[in-house]
There are 2 protein chains.
Amino acid sequence: MGIQEEMNKSAKISKRSLESQAADLMREDIINGNLTPGTRLVETTLAKEYGLSRGTIRIALHQLGSEGLVTQVPYAGWSVTELNDQDLWELYTLRATLEGMAARLAAERICEEGAERLREAYQQLLALCKLGDLKAITRADLDLHKLIIELSSHSRLASQYQLVENQFLAYIAAANRDFEPESVGLSHAALVEAICEGESDRAEAEAIRNITGFEELR
Amino acid sequence: MGIQEEMNKSAKISKRSLESQAADLMREDIINGNLTPGTRLVETTLAKEYGLSRGTIRIALHQLGSEGLVTQVPYAGWSVTELNDQDLWELYTLRATLEGMAARLAAERICEEGAERLREAYQQLLALCKLGDLKAITRADLDLHKLIIELSSHSRLASQYQLVENQFLAYIAAANRDFEPESVGLSHAALVEAICEGESDRAEAEAIRNITGFEELR
DNA sequence: TTTGATATGATTGTCCTGCAATCGACAATG
DNA sequence: CATTGTCGATTGCAGGACAATCATATCAAA
């Protein structure tokens, strides 16, 4: 029918509920730009599409709503959230602050293994920058940032960051407004070094500079 | 039966859905300590209590789940979230960062009216501190902090801060672990002044100091 | 005693049907 | 033209039904 076919041969038994799986699928569609901001989402239509009941879809939509990806107007319907300039500014600033905090924490509790992983991720990014594949660069950049978040060992910070990033990605995908095209690799050098050497103040400052540096809104 | 009695004679016609109203009621119960961490929440029982259908309650529970106030284990049930030391540390650090960001933004865009409101809230807090009513002091303290958030004009920051605060309040109420009992008033003086004078760096630093200052975890 | 298998009850997961409430658009009316 | 009423679409919400899963108790076997 719709979802439940993959029994996940790989040991990891899929215990996810259909509700959250449906939310996952829709989230992907929004982030990838298959569903662009403003698109209306009708519960009954989605239910038929995914082969699920309306109640299940409803829960999934509420979930996405709490993540800021879809918007609900009472009795009228759901739609993919549209962002205005204020929203963009909020996402930028919030992301900068969160990433700064993550960099500080990561620097405070950096260990040898963490530093190794961080340097490796950075080298990977640097290598891809030379090749010029924009999609790959973007992914490697995101990986590097997410690794910093992981190294901060702060689950709430991680999930909050993920939320901001998702809203951001949905906007990027829809606006076809590609990431920073140039010199993303070099600008991260100082950040990685600061974290690896445990200099928390510098790490925080560098993280913030890296994000707010390339676009001035408002 | 359960909720919908108040027709809100004061012009403001209640447009909230029963789903979110139910979430509001439960949230209040958790924050006030009527529902302590670990308490099990059964959908059918709640439905009967509030006079609502199970589906409605389900949506409300998922909402509270996304706010971190209740926890769900699949097929087993819901319960009021219990926080461990790591969680407490996460909440403290996240709150400090968010409040620092808010103080910075507030200082950057402070206006005469905002400064007036801020000074007034601070004077109110100071006055209550002399009287010694702990509950009133706590409320005034929360009001002051929330005013700073409001002055930052950052809706996402505001809602994120609210989430952290709610989890925090739920813990406080349950643990009966009262807020900072002493000198809360004086410690905020520098913060208020920095914001009113537009000194964003100092405002951010003071805000962080005020939060992390009174308890060292981990 | 310990382990493992089985039965059982509680609770959620998911589906269904049905209807009321509300919104948006458009026609009718003055 | 402005107002009002109607109508279709969609969500809001209720209630019932059953499967899936978990937690626990129970019993059998080693």
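Per chain, numbering begins at 1; letters A, B, ... match sequence-line order. Computed from a prediction, not measured in an experiment: that's the story for all the values here. The figures that follow rest on heavy atoms only: side chains count, while hydrogens, waters and symmetry mates do not.
A:E99 is linked by a salt bridge (Lys or Arg N to Asp or Glu O under 4.0 Å) to nothing, counting only residues two or more places apart in sequence or in another chain. Applying the side chain to side chain donor-acceptor pair (under 3.5 Å) criterion to B:D87, with sequence neighbours excluded, gives A:R156. Judged as a salt bridge (Lys or Arg N to Asp or Glu O under 4.0 Å), and not counting sequence neighbours, A:R40 has no contacts. In this structure, A:S159 has no side chain to side chain donor-acceptor pair (under 3.5 Å) partners at least two apart in sequence or on a different chain. Residues meeting the salt bridge (Lys or Arg N to Asp or Glu O under 4.0 Å) test with B:E82, sequence neighbours left out: none.
Comparing A:R54 and B:T44 against DNA chain C, the residue whose closest nucleotide sits nearer the 5' end is B:T44.
Distance, A:K48 NZ to D:dT10 P: 10 Å, rounded to whole Å. One interatomic measurement links the two molecules: NE2 of A:H62 to P of D:dG12, which rounds to 6 Å at whole-angstrom precision. Remark: P of C:dA21 and CD of B:E19 are 16 Å apart, rounded to the nearest angstrom. Computed from coordinates, the A:I57 CD1 to C:dC16 C1' distance equals 15 Å when rounded to whole Å. Rounding to whole angstrom units, CD of residue B:E43 and P of D:dA17 are separated by 18 Å. One can place OH of A:Y50 at 14 Å from P of C:dC15, the figure rounded to the nearest angstrom. Whole-Å rounding puts the A:L61 CG to C:dT14 P distance at 15 Å.
Among the heavy atoms of the strands, none lies under 4.0 Å from B:I59.
Phosphate proximity of D:dA14 to B:T56: present, with a side-chain N or O under 4.0 Å from OP1 or OP2. For B:R58 and C:dT12, the shortest distance from a side-chain N or O to OP1 or OP2 is not below 4.0 Å.
The side chain of A:S53 sits closest to C:dC15 out of D:dG12, C:dC15, C:dT11. Comparing atom distances between the B:L18 side chain and each of C:dT11, D:dT11, D:dA14 picks out D:dA14 as nearest.
Listed by residue number, B:P74, B:Y75, B:A76 are the residues of residues 66-78 of chain B with a heavy-atom contact under 4.0 Å to DNA chain D.
Within a 6.0 Å radius of CD in A:Q124, no more than 12 heavy atoms belonging to other residues, nucleotides or ligands are found.
Counting heavy atoms from C-beta on, the side chains of B:L144 and B:L191 never come closer than 4.5 Å.
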